[in-house]
Undergrad: 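Please see the structure below; I have some questions.
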Amino acid sequence: MKKTIYILLSLINIFLLSSCIELEKEITISTTYKGNEIVVVGYLSNDGALASIQQTMPSDDSNSEPIIIKGANVGLYSAQENKLIQKLHTTDSIMYFTPEQFKPKENTPYFIKVSAPGFETVTSAPQKVSNALKFDTVKVSITDNKHWKNDDAYEELFGKNRNIDVEYSFHTTTPYASVNVLELGYYNNEYYEDYNYYWKKKYVKKLYEIELSYYGTLNPISKRFNFDNNNDHIETKDSITYNDLKYPVFDRIDGIYLRGYYLSEDLSTFITETTMYMENRTSPFSALAGIIESNMSNNIGYFGTMTAKDTLITLPPHPDDVNNFYQHN
Amino acid sequence: MNVGTQITSLQTTPEKYESNSEYNQIDTTYNEEENNASDISLFIEDDIKLSNQLYLRAGIRGTHLKTKDSTFYSIQPRTTLRWLLNKNTTLKTGISLTQQPFHVLVNTYGYYQEESWLLANKQFSPQKAWQFSSGISGKIKGTQIEYNIEVYYKNMQNMLFYAPPDFEMDAMTKYIKDNGKGKSYGTEFLFQKGSGQIQWSVAYTLSWSYRKFDDLNNGKWFAASFDRRHDLNIGLHYFRNEKDTWNFNYLLQSGRAYTMPEAYVPKSDIFTSHYVLSSINNARTPMYRRFDVSYKHKGSFLGIPKTELTLSIMNLFARKNPFAIYAKGGKLYLSTLYLVLPSAKLKIYLFN
């Protein structure tokens, strides 16, 4: 009897002691890192090619800055002739561009090839640019309403509330089409610093000195149109409305930049899956078990196509700005 | 000859989340109805004596599986051939086709692994598997040691794989990859002494299990989540007398497969920072090892006659077995569910 009670008490002691020990420990596990490799993420557009070229790093080294690959040779090749068509240049960064005068031929396959000392040479699957998305109609209508505060002093100083509707329509043959409606001349923050300088400089630059081969960051297509094969004509409308933080004269919109673009389906999938994975993972090891496909020979990154077409619409000055005090072009 | 029928009623409640909290009443069924199914099967099998040493067991099962939106028929043959080499040794080989109405979908949320069960429907056909096995069993001459050695190969069809890029509960079926293939094969060894004061058993399985989907892993085979290369179980049982028994058990298993990013790519001017994920289940958690001990006493306890007291300690050496791996502050950590787990159990027999 005594023996059994001693055993029971020992069990309770063991349990109490073990509950004081942390249930986690730091570990070293063999990683799947294969060494430094070239990463290409970029696209071929109707205005040229653009790619970021950098090297991989171990997956637990997630706070590091990109590493430039020194001596990288980046070229756009004809897939039919396996011949260099155009070299991409850089300005000592990880971004590589084709020159502004270079325009790829439509429906002609190209691939990108990157080589560098100490790295395995990588190539992409062939890519073709197709016809750019063209708008059938674009209509802009402006409505000036009473200011949201319903305050005459506000209205006199800042102007009436303004609503800008942009209606547009286009034909598409793919669901991977999107339209960005960009506002130009909206510089809420800069105004308070030095409005004369910032307004003029940024406005002019945005409107007339846009680098056409650079269409900005690759984001998932957020605006989905109701596309199907039986109805390829899309008619839709975007509205820009001043809310309580915008003042129609101060925070003026001088132009609308309508950018329609097509992404290749596989590039769109790559962007969507990668972005969702990065937004939702809880750690590098949280399963989210799918893999992110690549069309590069080393299975890292993606080189797809993005065909874009920009349409610029200049808006008339705000009617409340009678003295042209806020004019800046 | 055995002839019979089996009728099974199946019911699944999709994605249903229930809570007692009045602030947490979320309808996660998204208007999906419960899926009811019935599985009716007829079977016939018989033992046929081909000679004094050769026996054949042959059978067939016909099933009619009716789910919410479709009906599946299948004919599942099975046969086993046994050859009695001598009174101590038997050779056997068999082949069978089976159908499974449920699919298991495995997903991992951070630290936890979740399994969902999906009933076959119009979109996802039932799993089918052909299994071939062959082995030898018997008793080692002049000893009390029994053995069984078997090799097997299993070929699976209509497999599913759940690959969600995020946690959208309303779109579960959107991220299911179907029409997958599976194969598993291996060898099982069992040696045991099941009589005497000291009894023991050693069971070891060496196995491989893979999956293949056209649009996953670039169409290449990859390790299944439950793929375990080694599985060793050693048991020792000491019957001290009619009342007291000691049991010792040692378990060693290969770690489970999980997907580990192969590299990291920092943010560029045109794209977000991201991990390189180019193959599925490319890494393994560390090995799982556990040593358990238990003591059983039959007799009186605290004046109560006819009791059975069992005292046990699971994971006696406090091995930190892997439950999940995660990164924190640039370091990798392994979390475990428990260390030493002692327990006591008392059975009281009130009636003879």
Side-chain angles (χ1 to χ4, degrees), chain A residues 1 4 7-8 11-12 14-15 18 21 23-29 31-34 37 39 41-42 50 52 54 56-66 94-95 216-218 271-280 282-294 299-301, chain B residues 107-110 113 161-167 175 216-218 258-283 286 295 297 301-302 309 311 313 318 320 324-327 330-340 342-344:
Chain A
M1 176 62 69
T4 311
I7 293 174
L8 271 174
L11 286 179
I12 293 166
I14 290 169
F15 181 75
S18 66
I21 303 170
L23 290 175
E24 63 174 31
K25 68 172 179 179
E26 190 183 327
I27 55 164
T28 308
I29 52 175
T31 67
T32 45
Y33 189 61
K34 296 172 188 163
E37 291 187 80
V39 186
V41 175
L50 166 75
S52 70
Q54 56 175 308
T56 55
M57 48 184 73
S59 53
D60 52 341
D61 195 7
S62 57
N63 294 315
S64 307
E65 289 294 310
I94 62 168
M95 299 306 303
T217 53
L218 290 167
I271 295 165
T272 306
E273 289 188 353
T274 309
T275 310
M276 286 174 109
Y277 177 86
M278 295 308 289
E279 284 174 357
N280 292 295
T282 50
S283 86
F285 310 102
S286 57
L288 298 171
I291 65 166
I292 294 166
E293 304 285 354
S294 166
N299 274 333
I300 303 175
Chain B
N107 190 24
T108 304
Y109 297 94
Q113 200 170 58
F161 190 85
Y162 188 37
D166 67 355
F167 304 127
Y175 301 117
L216 272 178
N217 209 40
N218 297 319
Y258 70 100
T259 303
M260 180 175 182
E262 281 153 36
Y264 175 72
V265 180
K267 185 176 186 291
S268 72
D269 281 357
I270 58 165
F271 199 51
T272 179
S273 59
H274 58 282
Y275 289 101
V276 176
L277 293 153
S278 58
S279 56
I280 291 175
N281 288 346
N282 56 352
Y295 166 75
H297 176 77
F301 178 70
L302 295 173
L309 175 71
L311 306 171
I313 303 175
K320 288 185 175 176
I325 290 174
Y326 61 97
K331 291 178 179 173
L332 300 180
Y333 289 87
L334 177 149
S335 72
T336 187
L337 269 183
Y338 58 85
L339 292 172
V340 182
S343 67

Undergrad: How long is the straight-line distance from CD of B:E262 back to CD1 of A:I300, given to the nearest 0.5 Å?
TA: 7.5 Å

Undergrad: Of the non-hydrogen atoms in B:K267 and A:P66, which two are nearest, and what is the gap between them?
TA: O-CG, 3.5 Å

Undergrad: Between A:T274 and chain B, with a heavy-atom cut-off of 4.5 Å, which part of the residue counts as in contact: side chain, backbone, both or neither?
TA: side chain

Undergrad: A:N299 and B:V276: which non-hydrogen atoms are nearest, and at how many Å?
TA: O-CG1, 4.2 Å

Undergrad: About how many Å separate CD1 of A:I271 and NE2 of B:H274, when rounded to the nearest 0.5 Å?
TA: 11.0 Å

Undergrad: What pair of heavy atoms forms the shortest contact from A:S52 to B:I270, and how long is it?
TA: N-CD1, 4.4 Å

